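Data block below; observations after.
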Amino acid sequence: MQLKKSLLILFFLFNVLIISAQQEIISLEEVLEKVEKNNYSIKISEEDYNISKADFNQTNSIFLPNISISHTAIATTNPLMAFGSKLNQEILTQADFNPAMLNDPNEIKNFATKIEIQQPIFNADGLYMRKAAKAKMNAVELQSERTKEYIKLEVTKAYMQLQVAYKAVAVLEKAKEAALENKKIADNKFAQGYMQKADILSVEVHMTEVENQLLSAKSSVQNASENVKFLMGEQNESVLKPSTELKAELDFSIYNESLSLNRADIDAMQQSTEAYNNMYKANKTSYLPNLNAFGSYEMYDNQIFGTDAKGYLVGAQLSWNVFDGYKRIGKIQKSKAELDKAEIGLEQYKNQSNLEYNTAKRQLKDAENKLYLTNLASEQSKEALRIRTNRFEQGLEKTSDLLISETQYMQKQLEYLQTVFNYNFTKAYVAFLTK
């Protein structure tokens, strides 16, 4: 009895905590709107795209010039450097050709300001590397789009789990009310001498089991609520409550849908394969020569930032790396193997996606059939309980049989709820696979 009192006190306190917690009624559309703005996975996928976009922007270097400015200050007695510095400063005189001055010059200071420009003209491998970076950026963008679609599916699932949790609480609360009513009847019969103490204890055990399940169901409400809030990127003490109840949403037209090869994740795989193809071409065209122009404008003086002497240099360079050991050949072989691997992976992913889609459609059909059967079982168990309850009130039914019927009806209701969830989620999953 002491244990029973402790459980009742705990149950009462738990109910008080649940009731006192602030409830926030929210619709699925509101949840999805907040998720799109605040979900962590979506934000990470967007940053992944920004990273790939930045990598692509770096390839602008094959078209744009590289410009640098430098200012160098030196003090030297090195014969060659001293002579060259005077020559650059345009202050060389006849006396500087004296062998004694050439071999042992005085210290000279030289300040050089230089502006350098390097302009790419033709770099075939760079063009293909730019294409590869563009394909990779497109792949990441498509993958980010697919991530958003997947998170939307997860949110729909979490919201339905919240609906199930609240519906389960309602079912168990009704089961508790029925158990309390039957206990009153049992107590009256016991007081009149029509029932044994063992039957009363069985009724009390049944009530305890229902209360325990109700406690677990209310805990599931909080767990489901926190899961939805996590997906929304929120952290607060409120308990979310869905604005609509869970119900089966039959859709027979979905069986006519087919797998789209333009799905974002499949397109992402294709773009990734294209990136490997361009990297392979880039490595092959690295055999071609590169043509680059260069130029500089230089200013020299014996004073800091001085510009007394000026000069420029312009030119072009055609460079051809004919052989670099076996490094380039190895890179070509590696990029070809990576391309072959990507193509095989793409084909595997398409076949796997088709298999997954066909499996999901069969699961949806199974869930649809089970939906009808579990609903029928729930109605049958409800009628059986009604009959046994009436007979129990008239003293024509055993307590154990009534308790079995109560337990069975409660279980069939909860099973039907889970079946509705399975059907709705499987339908959403099939729709996700067809996008």
Side-chain angles (χ1 to χ4, degrees), residues 47-74 80-81 84-85 87-88 110 112-143 267-300 307 309-346:
E47 293 307 318
D48 285 338
Y49 170 71
N50 290 334
I51 291 171
S52 64
K53 185 177 180 180
D55 287 338
F56 172 70
N57 288 339
Q58 291 182 51
T59 63
N60 289 330
S61 60
I62 67 171
F63 302 118
L64 302 177
N66 181 18
I67 302 173
S68 62
I69 301 175
S70 65
H71 185 77
T72 306
I74 64 169
L80 183 60
M81 293 295 294
S85 296
L87 187 61
N88 283 332
N110 185 51
T113 302
K114 181 183 291 188
I115 302 174
E116 293 182 283
I117 299 177
Q118 295 177 328
Q119 175 63 56
I121 298 177
F122 177 76
N123 296 277
D125 56 340
L127 292 173
Y128 282 113
M129 290 181 70
R130 177 177 172 83
K131 290 181 179 180
K134 179 68 178 295
K136 180 184 175 183
M137 182 183 71
N138 292 337
V140 174
E141 183 179 19
L142 289 166
Q143 197 58 52
D267 277 347
M269 290 281 289
Q270 290 173 332
Q271 287 293 322
S272 180
T273 302
E274 181 64 22
Y276 281 112
N277 184 36
N278 283 306
M279 286 301 298
Y280 172 57
K281 291 179 180 178
N283 288 323
K284 285 201 303 182
T285 55
S286 63
Y287 279 109
L288 298 176
N290 296 325
L291 178 62
N292 300 287
F294 59 89
S296 65
Y297 188 74
E298 304 167 7
M299 293 168 284
Y300 299 94
T307 60
K310 305 177 182 65
Y312 67 87
L313 173 69
V314 293
Q317 182 185 46
L318 182 67
S319 59
W320 195 351
N321 188 355
V322 179
F323 185 71
D324 60 353
Y326 210 75
K327 182 178 179 181
R328 183 161 48 195
I329 296 174
K331 287 179 68 176
I332 293 174
Q333 292 174 341
K334 179 181 177 181
S335 59
K336 181 62 170 66
E338 289 175 337
L339 173 59
D340 292 341
K341 178 182 176 182
E343 289 175 343
I344 295 171
L346 174 60

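Predicted, not measured: the structure shown is a model, and the values here were computed from it.
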If only atom types and distance count, is the side chain of [X] paired as donor or acceptor with the main-chain N or O of [Y] below 3.5 Å?
X	Y	answer
Q119	F63	yes
N283	Y280	no
S272	A268	no

Derivation of the side chain to side chain contact (heavy atoms under 4.5 Å, CB included) call for Q143 and D48: CA-CA 10 Å; Q143 197 58 52; D48 285 338; over 6 Å; no
Specify the closest pair of heavy atoms between [X] and [Y], including all atoms of both residues, with the distance to one decimal.
X	Y	value
F294	A316	CE2-N, 3.6 Å
N88	A309	O-CB, 3.0 Å
A124	L288	CB-CD1, 3.8 Å
I62	G126	CD1-O, 3.6 Å
M269	L346	CB-CD1, 3.5 Å
A282	D125	O-CB, 3.3 Å

[atom1] of [X] to [atom2] of [Y]: how many Å apart, nearest 0.5 Å?
X	Y	atom1	atom2	result
K136	F56	NZ	CZ	13.0 Å
S68	K114	OG	NZ	8.5 Å
N123	N292	CG	CG	5.0 Å
K281	S286	NZ	OG	14.5 Å
Q317	L291	CD	CG	9.0 Å
E141	N50	CD	CG	10.5 Å

[Y] and [X], any side-chain heavy atoms less than 4.5 Å apart:
X	Y	answer
L127	R130	no
K134	N278	no
Y287	I332	yes
D55	M137	no
K336	Q333	no
I117	N66	no

Is the number of heavy atoms from other residues, nucleotides or ligands within 6.0 Å of [atom1] ([X]) greater than 12?
X	atom1	value
Q118	CD	no
Y49	OH	yes
M299	CE	yes
K341	NZ	no

Distance-only polar pair, side chains of E298 and S296, donor-acceptor under 3.5 Å: yes
